[in-house]
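See below for the structure under consideration.
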Amino acid sequence: MTSSPPTDRVAEMGDQPERDGSGDLRPPQEPEHRGLLAAPRVFLPSAGIILALVVVALVVPGPFGDFITKVNNTVVQDIGWYYIALVSSFVFFSLWLMAAPVGQVVLGRTDDEEPEFGLMSWFAMLFAAGMGIGLVYWGVAEPLNYLASPVPGTDSSTIGATARTAMDITFLHWGLHAWAIYVVVGLAIAYAVHRKGRPISIRYALEPLFGKRILGVWGDVVDVIAIVGTLFGVATSLGLGVSQVGSGLAFLGVLDEATTPILVVLIAVITAFALASVLSGVDKGIKLLSNINLVVAALLLAAVLVLGPTVFLLSDFVTQIGSYLQNFFQMAFNVRPFTGDAGASFLSSWTTYYWGWWISWAPFVGVFIARISRGRTVREFVAGVLLVPTLVTFLWFSVLGGSALYREVYGQGGLISADGTVNSNTALFEMLDKLPAGTVLSVVAIVLIVVFFVTSSDSGSFVVDMLSEGGNTNPPRWSRAFWATMEGLVAAVLLLAGGLGALQTMSILVAVPFSIVMILMMIALAKALLGEHKAIERRKRRWLAREVANEIHEDDSINLSATTTEKR
């Protein structure tokens, strides 16, 4: 009789988690609450660092703004090449994971574990994770900025060539590179949580390299870096969102002018909604808002596609994918060394800023993606996370940004001012105003931004809270409220200290230490997956050898029985 193949799994790095009656894991990661804080060595340093920065920004806003600007210039000019090379390496690492034999490893305790969510539901949640305030804010503004001020070192001989380059660079910033960052962090966490049964904490992604040492002070440092980076990344998005909401209200005549004090009030009001959402929990407020978010975004996208130059937009979407792929290597590694100060300024304002922004968001998005990916293979995870959201994001920019470019190239213009600049805060509303039912679409856009604001804040604070509580998947309500409030406070204070520039600068700076953590994550993940693949192959060879031996033994027994019968 032939036996079934063995479970292809290597020995675990620790105790096996128990299972409840339904077969679900009862993970050992739920920390025991012996006091107010489950992980004081993570919570207190994280809160202390953030509060200290807030106090300094409030007390000496001028010197603080000058200091972070100076540090940012140093980062961009001296290690901009590092960011460019690093994030491109994440893309190729992700592609290797998808193509290599390690892609067959299942993100579950057993190799026959079924995915927790169906394929369409999983894709929908990946789409929701990729949609953020930044996508709404820059959907129209970014391509227009590149059309108004051509990217240094690119072909700007004709307006058509400039428009094509504008979409190429936009796709670079929002395409495979952004999602490869999330693949590295998300997959490392998913492997530790679902395959090894570890708590939801960044430190356990480094366990293949450091073993039990990650339970000590260096593990605390990793989690603190992740929390601080995530909070400033989310605060940057909140600053973008509230600036656009204020500008939209002014554009519609609701406000005379979106002054900084008004923006701070808007942050306070919308943060209050986020606070109510995060206190209600994942299954109520966060889930409801995410669903609303998805529907409103789809409606706005469909409306612009139908009411705008539909054939042009669809044609440009297909053409632009080819242009992006054709120019991928040249764009991915271009640090623009021969473009002087103009190139350095472009990197600071755009490419390096984006890479820092994505890295600062990586713990938040990575934890979310990891949470929904139990039961997927490594290959499915990478293909889904890298390709599906990228295509959806490309469609978003092709429709919204393409509509704006079409008007400037073939239409009446009016989206770029006479002095050749673009108002990024109002670009979306100006484009929508040129379409039928423009006022209604602008109102829908403001609603979408507000919902994005609340969703980003409540989801971000929930993830930060889990990390600060030692991986507790149901952190206490008071700490949820604390982190939601902190996100709004940081966004408000940095707006007061230096505007959106200060927010963008901080997101780049706090990403530097976490980028080192990501390098270690990449090495640790490769080591773990290669080791597991070797163990799988050894188990298969042993099983095959046993099967062959059993077959030979059965054949010998049959032959011996037949010989004995003949002799009789």
Side-chain angles (χ1 to χ4, degrees), residues 5-14 17 25 27 87-123 125-127 129-130 176-198 200-202 204-209 362-363 365-391 517-540:
T7 300
D8 299 328
R9 187 175 65 191
V10 297
E12 310 297 347
M13 294 185 292
L25 294 177
V87 178
S88 294
S89 72
F90 292 155
V91 176
F92 294 106
F93 178 70
S94 300
L95 295 175
W96 171 76
L97 289 172
M98 187 167 57
V102 298
Q104 67 182 314
V105 175
V106 177
L107 300 174
R109 298 295 284 178
T110 62
D111 287 329
D112 57 356
E113 186 164 345
E114 293 295 324
E116 183 178 5
F117 298 98
L119 191 61
M120 293 307 299
S121 297
W122 186 58
F123 282 160
M125 285 186 284
L126 290 177
F127 169 76
L176 295 177
H177 282 72
W179 285 97
I181 293 173
Y182 298 152
V183 165
V184 172
V185 178
L187 185 57
I189 297 172
Y191 180 83
V193 172
H194 300 310
R195 189 72 174 177
K196 300 300 181 182
R198 297 299 183 253
I200 300 178
S201 180
I202 304 297
Y204 291 100
L206 302 180
E207 187 176 11
L209 277 183
V365 179
V367 168
F368 172 79
I369 295 174
R371 168 63 184 83
I372 65 174
S373 299
R374 188 177 73 183
R376 298 287 168 191
T377 65
V378 169
R379 185 170 292 113
E380 288 175 329
F381 181 97
V382 176
V385 174
L386 195 64
L387 302 181
V388 174
T390 294
L391 288 175
V517 175
M518 288 190 64
I519 294 174
L520 297 176
M521 279 181 152
M522 190 164 54
I523 298 172
L525 182 60
K527 178 183 178 182
L529 291 176
L530 287 172
E532 183 145 355
H533 175 67
K534 290 180 180 178
I536 288 173
E537 293 301 313
R538 283 196 300 268
R539 289 175 179 271
K540 285 182 177 179

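None of the values given here were measured: they were computed from a predicted structure.
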Self-check item: Any side-chain heavy-atom pair of Leu525 and Leu97 under 4.5 Å
Solution: yes

Quiz prompt | Contact check, side chains of Ile369 and Trp179, non-hydrogen atoms, under 4.5 Å | solution = yes

Exercise. Give, for atom CD1 of Ile519 and atom CZ of Phe90, the distance between the pair rounded to the nearest 0.5 Å.
Key: 6.0 Å

Self-check item: side-chain contact (heavy atoms from CB on, under 4.5 Å) involving Leu209 - partner list, sequence neighbours excluded
Solution: Leu520, Ile523, Ala524, Lys527

Self-check item: Main-chain N/O of Ala100 paired with Arg379 side-chain donor or acceptor, under 3.5 Å
Solution: yes

Exercise. Not counting sequence neighbours, which residues clear side-chain hydrogen bond (donor to acceptor under 3.5 Å, both in side chains) with Ser88? List them please.
Key: His177

Quiz item: How far does CD1 of Ile200 sit from CZ of Phe368, to the nearest 0.5 angstrom?
Solution: 12.0 Å

Exercise. Please identify each residue that fulfils side-chain contact (heavy atoms from CB on, under 4.5 Å) with Ser94, with sequence neighbours left out.
Key: Ala180, Val183, Val382, Leu386

Practice problem: Name all residues meeting the side-chain contact (heavy atoms from CB on, under 4.5 Å) criterion together with Ala99; count only those two or more places apart in sequence or in a different chain, and write none if there are none. | Solution: none

Practice problem: Would you check if Leu187 and Leu107 make a side-chain contact, meaning some heavy-atom pair closer than 4.5 Å? | Solution: yes

Quiz prompt | From Leu391 atom CG to Leu176 atom CG, the distance as rounded to the nearest 0.5 Å | solution = 8.5 Å

Quiz item: Between His533 (side chain) and Gln104 (backbone), is there a donor-acceptor pair under 3.5 Å?
Solution: no

Self-check item: Short side-chain to backbone donor-acceptor contact, Glu113 and Arg109, under 3.5 Å
Solution: yes

Quiz item: Any side-chain heavy-atom pair from Ile202 and Met521 closer than 4.5 angstrom?
Solution: yes

Self-check item: side-chain contact (heavy atoms from CB on, under 4.5 Å) evaluation trace for Val185 with Met518
Solution: CA-CA 7 Å; Val185 178; Met518 288 190 64; 3.7 Å; yes

Self-check item: Atom of Ala190, atom of Ala370 and distance for their closest heavy-atom approach
Solution: N-CB, 3.6 Å

Self-check item: Ser89 and Met522, any side-chain heavy atoms less than 4.5 Å apart
Solution: yes

Quiz item: Among all residues two or more places apart in sequence or in another chain, which pass the side-chain hydrogen bond (donor to acceptor under 3.5 Å, both in side chains) test with Arg371?
Solution: Glu116

Exercise. Can you sort out the partners of Val106 under side-chain contact (heavy atoms from CB on, under 4.5 Å), two or more places apart, ordered by chain and number?
Key: Asp111, Arg195, Thr377

